Amino acid sequence: MRKYIFENYEEMSRAATLVFAQQISKRPDTVLGLATGSTPLGLYNGLVSLFESGELDFSRVSSYNLDEYYPIPRADPQSYYHFMHTNLFNRINIKPENIHLPDGEAKDPIAACAEYEKALRAAGIDIQLLGVGDNGHIGFNEPDSELCLDTHKTSLTDSTINANSRFFASPDDVPKSALTMGMGSIMSAKSIVVLVSGARKTPVLRKMFSGKIDPMCPASLLQLHPDVLVLADKVAAQ
Ligand code: F6R
């Protein structure tokens with residue numbers, strides 16, 4: 001794992017934008033693995049700016065998102081489908097048929113997860129973007145004594161429900177389940193970029209470089225991957 005520390009969130013986001021822009025320029029049909037949450041917003045704005053200035057073309061890019069609440073209608077402003085379209089997809093020229101997210105409306109979530117896993121493995125993710133939860137989750141792979149390999153339906157922990165309640169009227173409104181890529185789906189990406197920002201993430205960042213694998217901190221498993229780039233701001237790395 002390579003780690004770079006930046007003065008602040010803006011500089012970290014600029015560096016992340018450069019990494020993704022270089023990847024897409026080098027390989028216009030790149031398969032992206034994408035994340036939601038607050039941390040990637042600076043990166044998404046950076047990519048939109050490069051598209052608007054004509055420096056980046058997404059017409060051959062495809063994407064697979066890490067996760068989605070379940071159940072949730074796509075049109076719900078809290079859905080990750082809505083988040084991704086508002087913050088990125090509607091602002092660039094990615095083709096709608098190249099956009100993939102786990103289906104929060106699926107009647108049969110188990111079958112939907114199996115289908116999603118099959119599709120992302122066949123596509124082969126070139127570069128996977130990750131944020132990390134305060135409790136060390138990646139995607140919605142929550143701390144547990146056993147972690148799932150493939151895309152699956154999972155229950156959210158109280159810690160994640162509380163952390164995500166900032167986007168909802170109250171913690172009671174946060175969906176209690178989600179569909180998420182598994183640890184194996186994430187680790188199947190050729191390269192992984194992890195963005196870590198803010199003081200709340202300091203303990204997780206430390207565990208990510210501890211030299212020990214702990215399923216109670218899923219992000220620590222990233223130490224097993226051969227190509228992980230961690231971009232952190234100074235506050236997180238204190
Ligand atoms: C989002 C996701 C989550 C977030 C994590 C950090 O798709 O998979 O694992 O990356 O909860 O969220 P923020 O960036 O809001 O701190």
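Atoms within a ligand are numbered from 1 in the order they appear, just like the ligands themselves. Each residue takes its place number in the sequence, starting with 1. Being a predicted model, the structure only gives us computed values, none of them experimental.
- Within a 6.0 Å sphere centred on CD of Gln78, heavy atoms belonging to other residues, nucleotides or ligands number more than 12.
- Contact of the Met187 side chain with the Leu222 side chain is registered, since non-hydrogen atoms from C-beta on lie closer than 4.5 Å.
- Note on ring orientation: taking the six-membered ring where Trp is involved, the planes of Tyr4 and Phe6 are tilted (angle from 30° to 60°).
- Between Asp29 and Arg27 there is a salt bridge, since at least one side-chain N of the basic residue sits less than 4.0 Å from a carboxylate O of the acidic one.
- Within 4.0 Å of ligand 1, heavy atoms belong to protein residues Ala35, Thr36, Gly37, Ser38, Thr39, Leu66, Asp67, Gly131, Val132, Gly133, His137, Gly139, Arg166, Lys201.
- A parallel orientation is assigned to the rings of Tyr64 and His100, their planes being inclined by less than 30° (bins at 30° and 60°).
- Using a 3.5 Å distance cut-off with no hydrogens or angles, the side chains of Gln23 and Asp126 do not pair a donor with an acceptor.
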